[in-house]
Amino acid sequence: MRLREATAADLPRLVELWYDLATEMERYDDLNALVYESRAEVPEDPFQAHLDSDDVTEYLVEADGDTVGFATTRRGEHPSREYSNYTRLVNLFIEDGHRGRGYGSAVVDEVRRRARESGCDHLKVSCEWDNRGARSFYEDAGFEEKQVEFAQKLD
């Protein structure tokens, strides 16, 4: 498995993978409902903004010469805390036909290594509460529950 930083040439594939992740997340909560009915409707601009950002990194997950997923990380800090510099694993997606082969675990390990090397002292991740597979995956990867995020529609 190789975790490769995405470039502008990768935008179409990145959008495709993000759309697959986003459509899978719709089933977990109404707040995840997409406004796009197809991948073709998803604009590349937000992903280009990530590529241009100093704090966000988009990666492609490659295995045996194929792109099998993607990951997004965002650096942040809590200057008032002893453990102040963190990397958040914002997105982690492995295509359905490639799951269960250890690619997700390898991505977490590589993100952890890169975060440590860049001076971060902790790694954060969140997932949908009802996504039991993701919760189990992150617990198995050594993450501990720290806080619960609440959301409310403002109709």
Side-chain angles (χ1 to χ4, degrees), residues 1-76 86-115 118 120 123-143 145-155:
M1 187 284 312
R2 177 178 173 227
L3 192 61
R4 179 177 63 80
E5 193 167 334
T7 67
D10 298 314
L11 285 172
R13 184 67 169 127
L14 193 58
V15 168
E16 177 184 2
L17 292 164
W18 174 86
Y19 186 80
D20 291 347
L21 169 65
T23 55
E24 281 190 21
M25 293 301 102
E26 283 185 300
R27 69 179 166 206
Y28 294 109
D29 195 282
D30 291 344
L31 290 173
N32 294 341
L34 291 173
V35 297
Y36 312 112
E37 292 187 29
S38 73
R39 292 178 186 150
E41 295 178 29
V42 180
E44 292 182 352
D45 294 353
F47 298 92
Q48 182 62 56
H50 286 176
L51 298 181
D52 296 339
S53 171
D54 291 334
D55 297 326
V56 178
T57 306
E58 295 283 1
Y59 295 101
L60 294 179
V61 181
E62 299 177 335
D64 300 322
D66 294 324
T67 299
V68 299
F70 86 106
T72 308
T73 62
R74 179 183 312 266
R75 287 197 49 152
Y86 65 89
T87 293
R88 175 176 293 281
L89 184 54
V90 179
N91 295 314
L92 173 55
F93 178 75
I94 303 297
E95 290 181 304
D96 198 24
H98 299 281
R99 293 181 186 159
R101 299 181 188 177
Y103 299 137
S105 296
V107 168
V108 170
D109 289 345
E110 182 62 15
V111 166
R112 184 182 297 122
R113 184 190 68 74
R114 291 178 186 200
S118 71
C120 289
L123 188 58
K124 294 182 176 190
V125 68
S126 62
C127 63
E128 293 294 328
W129 184 260
D130 289 332
N131 188 342
R132 302 205 188 290
R135 289 175 61 188
S136 177
F137 170 79
Y138 290 121
E139 288 171 357
D140 290 348
F143 289 89
E145 292 178 6
K146 181 182 176 293
Q147 72 186 72
V148 176
E149 181 174 283
F150 292 90
Q152 181 183 60
K153 289 182 189 177
L154 301 175
D155 294 326

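Quick caveat: nothing in here was measured; it's all calculated off a predicted structure.
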Sidechain-backbone polar pair: R135 side chain, C127 backbone, donor-acceptor under 3.5 Å
no
Closest approach of T67 to E95 (non-hydrogen atoms, all atoms of both residues)
O-OE1, 3.4 Å
Walk me through it: do W18 and T72 pass the test side-chain contact (heavy atoms from CB on, under 4.5 Å)?
CA-CA 10 Å; W18 174 86; T72 308; over 6 Å; no
Is there side-chain contact between R114 and C120, with heavy atoms separated by less than 4.5 Å?
no
Salt bridge flag under 4.0 Å for residues E149 and K124:
no
Quick test of your reading of the model: are E128 and R27 salt-bridged, counting only N-O distances below 4.0 Å?
no
Is the shortest distance from a Lys or Arg side-chain nitrogen in R13 or E62 to a carboxylate oxygen in the other one below 4.0 Å?
no
CZ of R74 to CZ of R88, rounded to nearest 0.5 Å, is 9.0 Å
Could you tell me if the side chain of M25 sits less than 4.5 Å from the side chain of N131, heavy atoms only?
yes
Going by heavy atoms in the side chains, are V108 and F143 under 4.5 Å from each other?
yes
Can you find a pair of side-chain heavy atoms, one from D29 and one from W129, that are under 4.5 Å apart?
no
Of L51, L11, T73, D10, the residue whose pairing with E58 passes side-chain contact (heavy atoms from CB on, under 4.5 Å)
L51
Look at the aromatic rings of Y103 and H98 and report parallel, tilted or perpendicular, splitting at 30° and 60°.
tilted
Is any side-chain heavy atom of F93 less than 4.5 Å from a side-chain heavy atom of V61?
no
Check this for me, if you would: do R75 and D54 make a salt bridge, where the nitrogen-to-carboxylate-oxygen distance has to be below 4.0 angstrom?
no
